[in-house]
Amino acid sequence: MTAENAIWRATVLTLFPEMFPGHLGHSLAGKALADGLWSLDAHDIRSAAADKHATVDDTPFGGGPGMVMRADVIDAALTGVAGAGTDQAAPRPVIYMTPRGAPLTQARIAELAAGPGVVLLCGRYEGIDERVVEAWNMEEISIGDFVLSGGEPAAMALIDAAVRLLPGVIGSKLSFAEESFEGGLLEYPHYTRPRVWRDREVPEVLLSGHHGKVDAWRKAQAEKTTEERRPDLWNRYAAKNL
Ligand code: SAM
């Protein structure tokens with residue numbers, strides 16, 4: 001297989017490889033995985049440990065609570081992953097999922113989905129020795145301002161969001177065009193049958209059959225929702241578009 005037609009590849013380094021594929025084995029992502037549109041391999045970090053107790057962590061220098069995952073173990077685990085890092089034939093970014101990372105955005109997801117794939121490192125305990133993060137020039141990504149007990153749900157979220165953008169996974173490219181974050185806005189609200197539910201009517205304009213009016217209403221709704229809920233997105237959108 002050449003680099004051009006190679007499938008998108010996700011490698012996850014974790015202490016819990018049995019958590020994968022998890023939800024990624026179901027629905028759209030699961031069907032695409034079964035159809036060979038992308039691939040997933042979960043590596044057990046513990047198998048890279050050198051001592052007979054398979055130790056992956058140690059106490060933090062400087063003291064403090066919890067344990068830290070060892071740089072030498074993570075380095076050995078990464079060394080066995082084809083394409084990890086930037087100095088290889090088909091480089092895939094090595095991404096450490098961490099609350100200290102840059103917030104994950106749909107724009108970064110789209111870039112990652114357009115590349116050859118990702119190598120995702122899932123932390124546990126207090127996290128990972130900083131030196132291996134630096135030595136591998138890892139990208140650090142957070143999925144939100146909260147603390148998970150491990151990086152696995154974060155890795156799954158990133159893969160889920162990227163896989164649905166891969167060619168052939170979702171039928172129509174139009175599905176993406178109006179989604180939240182496309183064009184810098186949250187999406188407009190949706191309605192379906194029944195037309196009246198618990199005395200609540202579907203907005204009249206959506207029944208009009210007038211595409212221009214529907215589009216204008218949806219855009220106004222998207223702007224209103226974004227302004228109300230996400231001043232950060234709204235300010236960026238307003239500076240660019242208004
Ligand atoms: N002591 C760390 C801190 O305060 O930043 C939190 C460590 S957390 C208990 C263990 C692991 O969960 C982290 O190493 C990371 O891999 C993952 N994790 C936790 N929250 C995350 C988030 N918001 N985004 C991405 N990964 C997260």
Side-chain angles (χ1 to χ4, degrees), residues 8 10 21-33 35 37-38 93 95 97 99 101-115 117-118 120 139 141-146 148 151-242:
W8 196 83
H23 84 264
L24 297 168
H26 297 266
S27 189
L28 282 174
K31 181 167 186 311
L33 186 59
D35 290 347
L37 296 180
W38 67 289
I95 300 172
M97 308 309 303
L104 185 55
T105 62
Q106 187 65 18
R108 185 65 188 126
I109 289 289
E111 288 169 0
L112 293 171
V118 289
L120 303 179
E139 180 175 348
I141 289 184
S142 165
I143 63 160
D145 291 345
F146 45 82
L148 299 164
E152 291 78 10
M156 287 180 184
L158 186 153
I159 295 170
D160 180 302
V163 162
R164 64 192 290 283
L165 299 185
L166 299 177
V169 174
I170 289 183
S172 163
K173 281 196 173 159
L174 288 178
S175 305
F176 304 127
E178 298 185 346
E179 278 195 323
S180 291
F181 311 115
E182 282 294 325
L185 294 173
L186 301 177
E187 200 184 43
Y188 49 79
H190 297 284
Y191 300 89
T192 186
R193 291 185 182 80
R195 194 169 152 168
V196 181
W197 177 76
R198 293 193 183 169
D199 296 333
R200 291 165 187 265
E201 308 244 0
V202 169
E204 194 64 37
V205 62
L206 299 179
L207 309 171
S208 69
H210 191 299
H211 294 308
K213 284 188 183 161
V214 170
D215 287 349
W217 182 86
R218 285 179 166 166
K219 184 167 182 227
Q221 287 290 315
E223 291 183 344
K224 178 170 170 280
T225 308
T226 308
E227 185 173 15
E228 284 169 3
R229 297 185 184 178
R230 291 291 300 273
D232 55 329
L233 293 180
W234 177 250
N235 289 337
R236 238 175 293 151
Y237 172 83
K240 219 165 128 189
N241 299 283
L242 302 182

CA sep, side-chain torsions, deciding dist, call: R218, E223, salt bridge (Lys or Arg N to Asp or Glu O under 4.0 Å): CA-CA 9 Å; R218 285 179 166 166; E223 291 183 344; over 6 Å; no
Approximate separation, where rounding is to 0.5 Å, of L158 CG and I109 CD1: 4.0 Å
Distance in Å, L33 CG paired with H26 NE2, rounded so as to fall on 0.5 Å steps: 11.0 Å
Student check: side-chain heavy atoms of E227 and N235 closer than 4.5 Å: no
To check you understand the geometry: which heavy-atom pair defines the closest contact between [X] and [Y], and what is its length?
X: T226; Y: G184; answer: CG2-O, 4.3 Å
X: S208; Y: V214; answer: OG-CG2, 4.2 Å
X: L112; Y: W8; answer: O-NE1, 2.9 Å
X: V202; Y: P194; answer: CG2-O, 4.3 Å
X: R195; Y: L207; answer: NE-CD1, 3.2 Å
X: L166; Y: W38; answer: CD1-CB, 3.7 Å

[X] bridged to [Y] by N-O distance under 4.0 Å:
X: K219; Y: D215; answer: no
X: K213; Y: E204; answer: no
X: R108; Y: E111; answer: yes

N/O donor-acceptor pair under 3.5 Å between N241 side chain and Y237 backbone: yes
S142 side-chain N/O to A102 backbone N/O, donor-acceptor pair under 3.5 Å: no
Y188-E178 side chain donor-acceptor pair, cut-off 3.5 Å: yes
Atom NE2 of H190: over 12 foreign heavy atoms under 6.0 Å: yes
D232, CG: over 12 other non-hydrogen atoms inside 6.0 angstrom: yes
W234 vs L242, side chain to side chain contact (heavy atoms under 4.5 Å, CB included): CA-CA, chis, key distance, verdict: CA-CA 10 Å; W234 177 250; L242 302 182; 3.6 Å; yes
